[in-house]
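To keep things clear, I will list the structure first and then write my remarks on it.
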Amino acid sequence: MQLSTQLFKNLRISILLAVSAFTASSVFAAPTANELKRVLECQSDYDDYSQVLSDYEKDLPKLGWKRHDDPHQPFIYIYKNKQPVEFFGMPTQEIGLSSNAVFAIYRQADVQKMAKKFGIEQHPMFADQPFFRGEKILRTEPETNDLHAINHKLSLSEMTGKSPMVLLGCNYEFDQGSLEEALASLED
């Protein structure tokens, strides 16, 4: 009886240590290629987005992405991969980060075909422009005690000029209505 009780205690301690080590490693582990894909394709939640890209300068190189900024696109952090990577069913060797969004970059893509394929319409603010900018809300994470509601927007943008490109990806953005309600409650 004494031996089995001690064995049980040792086993329990071993299991607790293993679970603690697994939990600690998963919290601090670099993101996987699949996690990056899910974030970029709007298949993750805001917490995953924050975790996957929280240390992107260190973590993206571990996935084969090397920083390669374009002086003609100063507001986008561009990363290149030696191997083609598939996002949205289309291969690319470039991704971009900008503000609260992450995009696959496609060179020489037909933005109109992509807009039709993904059901994205030109944003009315850019209706008279010679380039395409559009987005659609795929889903909204509800507001919590810790965070405003978050819109997951599939965004498609055509960048023109000396370094043309088409950006397709996910924008994790605070819901405007949620922010307005919070500001209004502060005034009361």
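These values consider heavy atoms only, across backbone and side chains, with no hydrogens, waters or symmetry-generated copies.
Phe103 and Leu154 fall into different hydrophobic clusters, where Ile, Leu, Val, Met, Phe, Trp and Tyr side chains are chained together by heavy-atom contacts under 4.5 Å. Clustering ILVMFWY residues whenever any of their side-chain heavy atoms sit less than 4.5 angstrom apart, transitively, puts Leu40 in the very cluster that holds Val85. A continuous path of ILVMFWY side-chain contacts below 4.5 Å connects Leu60 to Val102, so both sit in one hydrophobic cluster. Linking Ile, Leu, Val, Met, Phe, Trp and Tyr whenever their side-chain heavy atoms come within less than 4.5 Å puts Leu36 and Tyr46 in one cluster. Linking ILVMFWY side-chain heavy atoms closer than 4.5 Å, directly or via other members, places Ile76 and Phe88 in two distinct hydrophobic clusters.
With hydrogens and angles ignored, the 3.5 Å screen pairs no side-chain donor or acceptor of His68 with any backbone N or O of Glu94. Remark: the backbone N or O of Val39 is paired with a side-chain donor or acceptor of Tyr172 at under 3.5 angstrom. Side-chain N or O atoms of Asn151 include none that pairs as donor or acceptor with a backbone N or O of Lys153 at under 3.5 Å. A donor-acceptor distance shorter than 3.5 angstrom exists from the side chain of Gln73 to the backbone of Ser163, with no hydrogens or angles considered. Checking side-chain atoms of Glu35 against main-chain N and O of Val52 turns up no donor-acceptor pair under 3.5 Å. Using modelled atom types, one side-chain atom of Thr144 and one backbone atom of Asp146 make a donor-acceptor pair closer than 3.5 Å. In this structure a side-chain-to-backbone donor-acceptor pair under 3.5 Å is present from Asp69 to Ile78. A donor-acceptor distance shorter than 3.5 angstrom exists from the side chain of Lys136 to the backbone of Phe118, with no hydrogens or angles considered. The backbone N or O of Phe131 lies less than 3.5 Å from a partner atom in the side chain of Gln122, making a donor-acceptor pair. With hydrogens and angles disregarded, a donor-acceptor distance shorter than 3.5 Å links the side chain of Ser98 to the backbone of Phe75.
Put simply, CG on Asn171 and CG on Leu156 are 12.5 Å apart, with the number rounded to the nearest 0.5 Å. We find the CD-CG distance between Glu41 and Leu168 to be 8.5 Å, quoted to the nearest 0.5 Å. Rounding to the nearest 0.5 Å places CG of Leu167 at 5.5 Å from CE of Met159. The distance from atom OG1 of Thr160 to atom NE2 of His72, rounded to the nearest 0.5 Å, is 12.5 Å. Taken from CD in Glu135 to SG in Cys170, the straight-line distance is 10.5 Å, to the nearest 0.5 Å. Note: Tyr49 OH to Asn100 CG = 5.0 Å, rounded to the nearest 0.5 Å.
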Show your reasoning for whether side chain to side chain contact (heavy atoms under 4.5 Å, CB included) applies to Gln112 and Phe132. CA-CA 8 Å; Gln112 295 301 325; Phe132 187 91; 3.8 Å; yes
Steps toward side chain to side chain contact (heavy atoms under 4.5 Å, CB included) verdict (Phe87, Ile95): CA-CA 10 Å; Phe87 298 104; Ile95 61 172; 3.6 Å; yes
Trace of the side chain to side chain contact (heavy atoms under 4.5 Å, CB included) decision for Arg139 with His152: CA-CA 5 Å; Arg139 70 184 179 102; His152 296 226; 3.2 Å; yes
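At most 12 heavy atoms of other shown residues, nucleotides or ligands fall within 6.0 angstrom of atom CD in Gln108. More than 12 heavy atoms of other shown residues, nucleotides or ligands fall within 6.0 angstrom of atom NZ in Lys117. The number of heavy atoms from other shown groups lying within 6.0 Å of CD (Gln129) is above 12.
Below 30°, between 30° and 60°, or above 60°: for Tyr79 and Tyr56 the angle between ring planes is above 60°, a perpendicular geometry. Ring planes of Phe126 and His123: perpendicular class, angle over 60° (limits at 30 and 60°).
Looking at Arg133 and Glu158, no side-chain N of the basic residue comes within less than 4.0 Å of a carboxylate O on the acidic one, giving no salt bridge.
The two residues Tyr106 and Pro91 make their nearest non-hydrogen contact at CE2-O, 3.5 Å. When all heavy atoms are compared, the tightest approach of Ala149 to Thr140 is CB-CG2, 4.0 Å. Between Cys42 and Gly169, the closest heavy-atom pair is SG-O, 4.4 Å. Considering all non-hydrogen atoms of both residues, Lys58 and Lys62 come closest at O-CG, 3.7 Å.
Two residues are said to be in side-chain contact when any heavy atoms from C-beta on lie closer than 4.5 Å; Lys80 and Gln93 fail this criterion. When side chains are defined from C-beta on, Val166 counts as touching Met114, because their heavy atoms get closer than 4.5 Å.
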